[in-house]
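Quick caveat: nothing in here was measured; it's all calculated off a predicted structure.
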Amino acid sequence: MNSVMNLYRIAVNGKKRTVAGLLYCLLLAISACQTDGAGDDESPVGEATADSASVADGMTESGKPFCLELASARDRVLLGEPLTLIVSLRNCSDEMRKVRNLLGPEYGLLGIAIGHRDYEQEQAYYPAVRRDGRGRGEVELAPGKMLAATVPVYFGRDGWQLDTPGTYTFQAEYFVDEISLTSNVVMVNIEKPQREADLSAAQTLMNSGAATFYYLGGGDEKGAAELRGLVAELPDSPWAAYARLGLAIDSANDKDSLSRVEACRALETSLGEIDQDWIIALRGFETLLKCLRESGLESEIPRVTADFVSRHPRAEATLRARGS
């Protein structure tokens, strides 16, 4: 991971500065001339599409058969919202390519560098869960097709990652078939809630118990109780919507539940509340598909899929890439 951070360090006026740091300076200069606008959450950052081999400037590395792309559903989120990114590995060549499907950060081949104005240098993202990639086979990618994986940058080995307001930068590096690939830079601004009650809700979701339960989609009673308390205290807040989603995912994953069908229905309802972030909604949707299959409700999958894609059209390409 050190190679990710070292790659982007440059010397300015005899001192070491990072590309992320320079981007902050530029962003601050630009933002001083702008006012907040409505609808910023609807604009994707570096969105990838599965059916096009063309990518934005700076994303294609000359002479390499693959392109690495990083995207966020939103460029502005509130403190305590579980920001998750999408990373995609695209076949940028004009011929069929085989590659091992080890793109998820848990397999250890994907590195994420996180920058913030308070950091002296980019920090490495360390996933909370590690998996052994041995035994995972190769997949074939036609020209322009891609693999995609989610990167829950909000939560890592040491708990909640993005606990300070301000602009963060994210950049990925991936090693595949002895080729090193570097992604575009994604910027996301973390904003501090203005109301004291909202700040309290954000801090509750960032607590170790609640955050771990939400990240894992289940856990101990302490974490569940914290999420339920958040729902009871501020039911109409964004953080309560995430809490409900986390609790619904836990119930839907409980194979011993006597009301598994009801759990699927509750998850579908909760999923409908996540309307601004298709990447977070994607997690709930994939759990819903699993719940329907295991509950003997496969006939409902076309309906819920059509509904999900109609509400989150940007997710369609990633769904195809992930085989959902």
Side-chain angles (χ1 to χ4, degrees), residues 39 41-44 47-52 71-74 77 81-88 90 101 103-104 139 141-142 144-152 213-218 224 227-228 231 235-324:
D41 289 343
E42 296 303 316
S43 300
E47 181 183 1
T49 56
D51 295 325
S52 172
S72 172
R74 304 163 63 186
V77 300
E81 290 193 275
L83 177 66
T84 302
L85 306 180
I86 284 280
V87 62
S88 59
R90 185 187 304 280
N101 188 3
L103 189 59
V139 295
L141 293 179
K145 299 299 182 180
M146 70 179 185
L147 296 175
T150 56
V151 187
F213 191 101
Y214 177 86
Y215 170 79
L216 294 176
L227 292 182
R228 287 194 293 267
V231 170
D236 297 326
S237 71
W239 303 276
Y242 299 125
R244 281 190 288 269
L245 179 64
L247 292 167
I249 288 175
D250 175 49
S251 295
N253 281 328
D254 184 3
K255 295 183 179 180
D256 296 328
S257 173
L258 296 177
S259 56
R260 191 78 185 280
V261 172
E262 287 79 1
C264 296
R265 305 287 188 222
L267 176 55
E268 183 177 0
T269 299
S270 177
L271 188 58
E273 298 183 63
I274 309 299
D275 56 359
Q276 293 187 342
D277 194 317
W278 67 266
I279 298 176
I280 289 178
L282 179 66
R283 176 194 181 195
F285 174 70
E286 291 179 331
T287 304
L288 176 59
L289 294 184
K290 177 183 175 184
C291 185
L292 292 174
R293 292 189 185 103
E294 293 178 351
S295 301
L297 300 174
E298 294 92 340
S299 62
E300 296 197 20
I301 289 178
R303 176 187 62 80
V304 298
T305 300
D307 178 63
F308 181 80
V309 172
S310 70
R311 287 186 293 111
H312 302 285
R314 298 176 187 137
E316 186 173 6
T318 301
L319 284 173
R320 290 199 300 271
R322 289 166 66 85
S324 298

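- Within the 4.5 Å cutoff, the side chain of Trp278 has no heavy atoms near those of the Leu319 side chain.
- Annotation for Ala252 and Thr287: closest pair CB-CG2, 4.2 Å, computed over non-hydrogen atoms.
- Side-chain contact between Thr84 and Asp277 is absent, with no heavy atoms from C-beta onward closer than 4.5 Å.
- Between Glu286 and Lys290 there is no salt bridge, since none of the side-chain N atoms of the basic residue sits less than 4.0 Å from a carboxylate O of the acidic one.
- Interatomic distance, Cys291 SG to Asn253 CG, rounded to the nearest 0.5 Å: 8.0 Å.
- Pairing each heavy atom of Ala240 with each of Pro235, the nearest pair is CB-O, 3.6 Å.
- Counting all heavy atoms, side chain and backbone alike, Ala248 lies closest to Ser270 at CB-CB, 4.0 Å.
- Contact annotation: the side chain of Ile280 approaches that of Leu245 to within less than 4.5 Å [non-hydrogen atoms, C-beta and beyond].
- When every heavy atom of Phe213 is checked against every heavy atom of Gly246, the shortest pair comes out as CE2-O, 3.9 Å.
- In plain terms, the two heavy atoms of Leu103 and Val87 that are nearest each other are CD2-O, 3.5 Å.
- Looking at Met146 and Thr318, their side chains come closer than 4.5 Å, going by heavy atoms from C-beta outward.
- In this structure the side chain of Val304 reaches within 4.5 angstrom of the side chain of Phe285, judged on heavy atoms.
- Between Phe308 and Leu288 there is no side-chain heavy-atom pair separated by less than 4.5 Å.
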Practice task
Using the side-chain contact (heavy atoms from CB on, under 4.5 Å) rule, take Leu282 and Arg322 through it: C-alpha gap first, then chi angles, then the decisive distance, then the call.
Solution key: CA-CA 11 Å; Leu282 179 66; Arg322 289 166 66 85; 4.1 Å; yes

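- Scanning both residues, Gly218 and Asp250, for their nearest heavy atoms gives CA-OD1, 3.5 Å.
- Note that the CD atom of Glu316 and the OG atom of Ser310 stand 10.5 Å from one another [nearest 0.5 Å].
- For the pair Arg293 (side chain) and Glu298 (backbone), a donor-acceptor distance under 3.5 Å is absent.
- A cation-pi contact links Arg283 to Tyr214, judged by a cut-off of 6.0 Å to the six-membered ring centre and 45° from its axis.
- Remark: Glu294 CD to Cys264 SG distance equals 8.5 Å, nearest 0.5 Å.
- Looking at heavy atoms from C-beta onward, Leu297 lies out of side-chain contact with Arg260 at the 4.5 angstrom threshold.
- Distance check, rounded to the nearest 0.5 Å: CZ of Arg244 to CG of Leu271 gives 13.0 Å.
- Atom CD1 of Ile279 sits about 8.5 Å away from atom OG1 of Thr150, to the nearest 0.5 Å.
- The pair Arg303-Asp307 does not count as a salt bridge, with every side-chain nitrogen at least 4.0 angstrom from each carboxylate oxygen.
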